[in-house]
Amino acid sequence: MGHHHLDTLDKRILSLIADDARMPFLEVARACNVSGAAIHQRIQKLTNLGIIKGSQFTLDPESIGFETCAFIGLHLNDPLKSDEVVKKLKDIPEIAACYCPTGQYDLFVKVYAYNNQHLTNIIREQLQPLGLSGSETMITLTTPFDRQLPVSMMKVDDESEPYE
């Protein structure tokens, strides 16, 4: 996970496709004043570098029945087994994200559930058997915003700082 050297064209491409991932390559090429082949090559490079991580539609969890969103801090009986626990967490479809934080928790997960009872069942039946010594659950009331980092903040090779 290092810093990748990007130029102004990379930044422009990322800005366009971050706003609309369905934008055709030829339209991106026209906006950047380069060929479609150049855009295809650049997007392939950005994907290979791991800067672009696929393209997907983002579903609104609440609109498909997941009314409860929670963040759960996990304390493991044996923190040395966190890699093993992470593999098992990947098998729980309601877990949208898993983080390895600093601070008091060994792992921190984002969970979507149909309701509070479903969340309780996930904790009791799927999380606790993984070897937890404890957990702390925080239910979100609303999500005022959820976004990617803006491309405009990216540092590029032909600029000294991303925000001067």
A.B. asks: Quick check: do Gln44 and Gln41 have side-chain heavy atoms less than 4.5 Å from each other?
C.D. replies: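 They are not in side-chain contact.
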A.B. asks: What is the minimum heavy-atom distance between Leu132 and Ser135, and which atoms define it?
C.D. replies: CD1-CB, 4.4 Å
A.B. asks: Main chain of Ile43, side chain of Thr47: is a donor-acceptor contact present, judged purely on distance under 3.5 Å?
C.D. replies: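 Looks like yes, one N/O pair under 3.5 Å.
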A.B. asks: State plainly whether one hydrophobic cluster holds both Phe71 and Val109, where clusters connect Ile, Leu, Val, Met, Phe, Trp and Tyr through side-chain heavy atoms under 4.5 angstrom apart.
C.D. replies: no
A.B. asks: Could you walk me through whether Lys81 and Glu84 pass the side chain to side chain contact (heavy atoms under 4.5 Å, CB included) check?
C.D. replies: CA-CA 5 Å; Lys81 292 187 177 181; Glu84 181 181 318; 4.2 Å; yes
A.B. asks: Measure the spacing between CG of Leu26 and CD1 of Ile39 and express it to the nearest 0.5 Å.
C.D. replies: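 The CD1 atom of Ile39 is 9.5 Å from CG of Leu26, to the nearest 0.5 Å.
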A.B. asks: Whether Asp7 and Arg12 form a salt bridge (side-chain N of Lys/Arg under 4.0 Å from carboxylate O of Asp/Glu) is what I want to check.
C.D. replies: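 No, Arg12 and Asp7 are not salt-bridged.
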A.B. asks: Is there a path of hydrophobic side-chain contacts, each under 4.5 Å between heavy atoms of I, L, V, M, F, W or Y residues, that connects Leu127 with Tyr99?
C.D. replies: no
A.B. asks: Does Lys11 form a side chain to side chain contact (heavy atoms under 4.5 Å, CB included) with Leu6? I'd like the steps, not just the answer.
C.D. replies: CA-CA 7 Å; Lys11 185 175 177 181; Leu6 304 177; 6.0 Å; no
A.B. asks: From Leu46 CG over to Ile51 CD1, what is the distance, rounded to the nearest 0.5 angstrom?
C.D. replies: 5.0 Å
A.B. asks: Nearest 0.5 angstrom please: Ile95 CD1 to Lys88 NZ, how far?
C.D. replies: 13.0 Å
A.B. asks: In terms of hydrophobic clusters joined by side-chain contacts under 4.5 Å, are Leu9 and Val28 together?
C.D. replies: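 Same hydrophobic cluster.
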A.B. asks: Ignoring hydrogens, what is the shortest heavy-atom contact between Leu119 and Ala70? Give both atom names and the distance.
C.D. replies: CD2-CB, 3.8 Å
A.B. asks: For the side chain of Thr140 and the backbone of Cys69, is there at least one donor-acceptor N/O pair under 3.5 Å apart?
C.D. replies: yes
A.B. asks: Ignoring hydrogens, what is the shortest heavy-atom contact between Ser82 and Leu107? Give both atom names and the distance.
C.D. replies: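 In this case the closest contact between Ser82 and Leu107 is O-CD1, 4.4 Å.
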A.B. asks: Does the pair Tyr105 and Glu136 meet the rule for a side chain to side chain donor-acceptor pair (under 3.5 Å), with working shown?
C.D. replies: CA-CA 9 Å; Tyr105 304 116; Glu136 183 176 353; 2.5 Å; yes
A.B. asks: Does the plane of the ring in His40 sit parallel, tilted or perpendicular to the ring in Phe25? Use 30° and 60° as the thresholds.
C.D. replies: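 The arrangement is perpendicular - the two ring planes meet at more than 60°.
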A.B. asks: Step by step, would you call Phe145 with Thr143 a side chain to side chain contact (heavy atoms under 4.5 Å, CB included)?
C.D. replies: CA-CA 5 Å; Phe145 68 89; Thr143 304; over 6 Å; no
A.B. asks: Supply the atom-to-atom distance Thr68 OG1 to Glu94 CD, rounded to the nearest 0.5 angstrom.
C.D. replies: 11.5 Å
A.B. asks: Spell out, yes or no, whether Tyr112 and Ile64 are grouped together once hydrophobic residues are joined by side-chain heavy atoms under 4.5 Å, including indirect joins.
C.D. replies: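 In one cluster: yes.
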A.B. asks: Looking at CD1 of Ile72 and SG of Cys98, how far apart are the two atoms once the value is rounded to the nearest 0.5 Å?
C.D. replies: 11.0 Å
A.B. asks: What about Ile122 and Met138, same hydrophobic cluster or not, with Ile/Leu/Val/Met/Phe/Trp/Tyr joined at side-chain heavy-atom distances under 4.5 Å?
C.D. replies: no
A.B. asks: Under the side chain to side chain contact (heavy atoms under 4.5 Å, CB included) rule, what do Ile52 and Leu14 come out as? Steps first, then yes or no, please.
C.D. replies: CA-CA 8 Å; Ile52 296 174; Leu14 290 170; 3.7 Å; yes
A.B. asks: Using only atom types and a distance under 3.5 Å, with no angle test, would you say the side chain of Asp106 pairs donor to acceptor with the backbone of Leu76?
C.D. replies: yes
A.B. asks: Is it the case that atom CG in Asp20 sees more than 12 heavy atoms from other parts of the structure closer than 6.0 Å?
C.D. replies: yes
A.B. asks: Can you check whether Leu130 reaches Leu74 side chain to side chain, under 4.5 Å on heavy atoms?
C.D. replies: no
A.B. asks: Would you mind reporting whether Thr137 and Val111 have side-chain heavy atoms less than 4.5 Å apart?
C.D. replies: no
A.B. asks: Is it true that a side-chain atom of His75 and a backbone atom of Gln104 form a donor plus acceptor pair closer than 3.5 Å?
C.D. replies: yes
A.B. asks: Rounded to the nearest 0.5 Å, what separates atom CD in Gln128 from atom CD1 in Ile123?
C.D. replies: 7.5 Å
